[in-house]
Structure formats: C-alpha cells, structure tokens
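Single-structure report; data block below.
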Amino acid sequence: MTDTSTDPAPADAASLHTPVIAWFDEHARDLPWRRPEAGAWGVMVSEFMLQQTPVSRVRPVYEQWLARWPRPADLAAEAPGEAVRAWGRLGYPRRALRLHGAAQAITERHGGDVPSDHAQLLSLPGIGEYTAAAVASFAYGQRHAVLDTNVRRVLARAATGIQFPPTATTAVERKLARALLPDDEATAARWAAASMELGALVCTAKNEDCARCPIAARCAWRLAGKPAYAGPARRGQTYAGTDRQVRGRLLAVLREAVAPVPQSALDTVWHEPVQRARALDSLVADGLVEPLENGLYRLPHS
DNA sequence: GATTCGTGGAA
DNA sequence: TTTCCAAGAAT
C-alpha cells in the first residue's frame, strides 16, 4: 500500500454527511412540498408527479391538486377521469390513475391518512421502492436509503468513482446507500433530501458544477480525473411515431372534451388506422379511457 | 432483466 | 435539428 496520507480522504460516510447537509441548509430550493403545511399527502402527491417529470413542470399542477384535493379522501371521492384530466400534460397519465387508486386505498384501509409504515406505502398502487422510502423519509423523518436517479449519480461519482450509475438500481448500490446512511434518524432523513438536492442542482447528469460541490475534494470520480462513462450505451428514447405519441394525442382530445366524444373525433389525431386502434385499445385496457355503449369515449367515471 | 409508458425544455 | 433526460413503476 502506498502512502496516501497527503491525498484527500476517500469518501467515507461521515466525511460526506456534514458538508452536504450544510450545503443543503444554505442552498435548498423552497419547494411547496417541502413546506410543513404540505403534510404527508402533499409529499406523496409531489412524489407521484416527480416520477420522471421535472420540478418546473410539476409545481403549478401540484398547487392545483392540493387546492382541489387537500386530503386523500377528497381525491378518492372523485371519478378517476378527473384525476387524469387534472394531470394535464405531466406525462405518463397512468400515474394519475395510480395516485387516485392510492387515495382510495388510503381512505378505505388507513382512515384517510397516508401511512407512515414503509411496507404499507409500498403496497399502494404507483408506489415502488423509491417512492415508499421518499415518503417515509421526507414526510415522516424516517431512516431509509432513498435511491432516486440523483442520489444514485452522486453516490456513483463520490463513492464509486464512475460517471453514471447502472441502468437499474442494483444490490450493490442499495448496500452502499445503506452503509452511507447516518445512524441518527433525523440526520438520515436530512441526508436523503440533501444528497438528492445536490444531484439535482450541482452533481447533474450533464455539465456538473464541481466548483460548487461541497464534497468535490473527496469525490472519487473527480479525483480520478472524471473518466468518461464506460458502461453499455444508454439508448435514447425515440418518441415520434410510437404508440406513446398516439396515446398522448388521443388522451389530449379526451382531457379537453367536456362531453363524451365520437370515434370520428379520435380518428383525426393519427393517420394510420391500425396503430390508432391499437393505441386506443391499450388506453382502454389501462383504464385511462372508457368506451360507452353508443360508440362514444370519455375519461373513466369509475 | 429488458420494455413500456408522455411531455417538453435545454444543449 | 436531433439528442438527452427529468424525485420510477409495473410487467
């Protein structure tokens, strides 16, 4: 072993927490779902909306939702189609359906309060590994490894020394995240939010700003000379011409409509009849569109 | 484990 | 203009 006593310390757990949390105290964005009045329901709604959708687009829709449905029971009492309509253009509208379903489950099984138990959260529709940990940590201050794309990138760089984490979360990443979790519950929750914010604002996927990073001196990736990503090519997602685009156009028509629309109104959104029919069928299968007996279509009423 | 599922802003 | 990618989940 060579003498590395003059080199910066490697990124062990304790040396990361303090500077990252201190940075967070100074630079955290004032987001509505971080305010105390948001409550667990506000945190949960924001987490659904933030799944693959940027903060800037979520913010206005979030405000509308919380004003209209301040508690889970308020949303649960609505037709699911109203959730889909209010989802607007956030994308991935199945999230709206799942959030509505989660609100119903909370109303029926949890007395109308967002559960604090991780396993109970995980059992709700639309809540997976990340969101369950996020709600438990952000809303209830619990100690969980919150592994979103930001945290995974921060850990990949600071601790592992690679530019990007693997495509899907691995067991190795989970183990690392747990090992780096502060022992104290409140500190762990703070660390989760802080490390995520660092990835969102400074340690970004493109154009990372190491000059503003509180742990740049201990970052394994930077110390290694920031080697380029060596893993498999991350194939870009084409969109034009896909079923997803057709589904999006079909649903846009139904969101704007105040009454059920005829087939002919849906036919105008796409020229190719086979793909058009396949997309509509898939929307019906997903429960996002409700076909009526008279050949009309609408957002789901039940 | 690989695919599918929207949308729009920025580089 | 094209490409990247943004607090993932479900299958």
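Just so it is clear: chains get the letters A, B, ... in the order the sequence lines come, proteins before strands, and each one is counted from 1.
- Rounded to a whole angstrom, the distance from the C1' atom of B/dA2 to that of C/dA7 is 23 Å.
- Using modelled atom types, one finds a donor on one side chain and an acceptor on the other under 3.5 Å when comparing A/Tyr297 with A/Gln263.
- Atom pair A/Tyr92:OH and C/dA9:P shows a separation of 13 Å (rounding to whole Å applied).
- A/Arg152 has its CZ atom 14 Å from the C1' atom of C/dA6, to the nearest Å.
- At a threshold of 4.0 angstrom between heavy atoms, the contacts of A/Gly128 are confined to the sugar-phosphate backbone, with no base atom among them.
- The side chain of A/Thr131 places an N or O atom within less than 4.0 Å of a non-bridging phosphate oxygen (OP1 or OP2) of C/dA9.
- Here A/Leu122 lies out of heavy-atom contact (under 4.0 Å) with every strand.
- Under the side chain to side chain donor-acceptor pair (under 3.5 Å) rule, A/Glu82 has a single partner from A/His301, A/His100, A/Arg68, which is A/Arg68.
- For the pair A/Leu90 CG and B/dC5 C1', the computed distance is 14 Å after rounding to whole Å.
- Nearer the 5' end of DNA chain C, as judged by each residue's closest nucleotide, is the contact made by A/Pro54, out of A/Arg98 and A/Pro54.
- Residue side chain A/Thr149 does not reach the base of C/dG8 through any donor-acceptor N/O pair under 3.5 Å, judged by distance alone.
- Put simply, A/Arg89 has a side-chain N or O that comes within less than 4.0 Å of OP1 or OP2 on B/dG8.
- For A/Phe24 and C/dA7, the CZ to P distance is 14 Å, given to the nearest whole Å.
- No contact: A/Gln245 has no heavy atom under 4.0 Å from any strand.
- No side-chain heavy atom of A/Gln51 sits less than 4.5 Å from a side-chain heavy atom of A/Glu47.
- At the heavy-atom level, A/Ala134 lies nowhere under 4.0 Å from the strands shown.
- Whole-Å rounding puts the A/Tyr239 OH to C/dT3 P distance at 17 Å.
- Taking for each of A/Ala200 and A/Ile127 the nucleotide of DNA chain C with the nearest heavy atom, the 5'-most of the two is the partner of A/Ala200.
- Look at A/Arg153 and you'll find a side-chain N or O under 4.0 angstrom from OP1 or OP2 of C/dA6.
- Salt bridge status for A/Asp113 with A/Arg71: absent, with no side-chain N to carboxylate O gap under 4.0 Å.
- One finds a side-chain N or O of A/Arg247 lying less than 4.0 angstrom from the OP1 or OP2 phosphate oxygen of B/dG6.
- Using a 4.0 Å heavy-atom criterion, one finds that A/Trp87 contacts no nucleic acid atom at all.
- In this structure, A/Lys206 and A/Ala252 both approach DNA chain B, and ranking their closest nucleotides by distance from the 5' end singles out A/Ala252.
- Atom P of nucleotide C/dA6 and atom OH of A/Tyr130 are separated by 13 Å, given to the nearest angstrom.
- Ranked by how close their nearest DNA chain B nucleotide is to the 5' end, A/Ser56 and A/Gln51 are led by A/Gln51.
- A heavy-atom distance below 4.5 Å is found between the side chains of A/Val55 and A/Leu50.
- Evaluation of atom-type donor-acceptor distances gives a pair under 3.5 Å for the side chain of A/Arg57 against the base of B/dT7.
- Remark: C1' of B/dG8 and CZ of A/Arg244 are 13 Å apart, rounded to the nearest angstrom.
- The ring of A/Trp87 has its center closer than 6.0 angstrom to the ring center of A/Trp65.
- Remark: the separation of the P atoms in C/dT11 and B/dG6 is 14 Å, to the nearest Å.
- One interatomic measurement links the two molecules: CD of A/Glu173 to C1' of C/dG8, which rounds to 14 Å at whole-angstrom precision.
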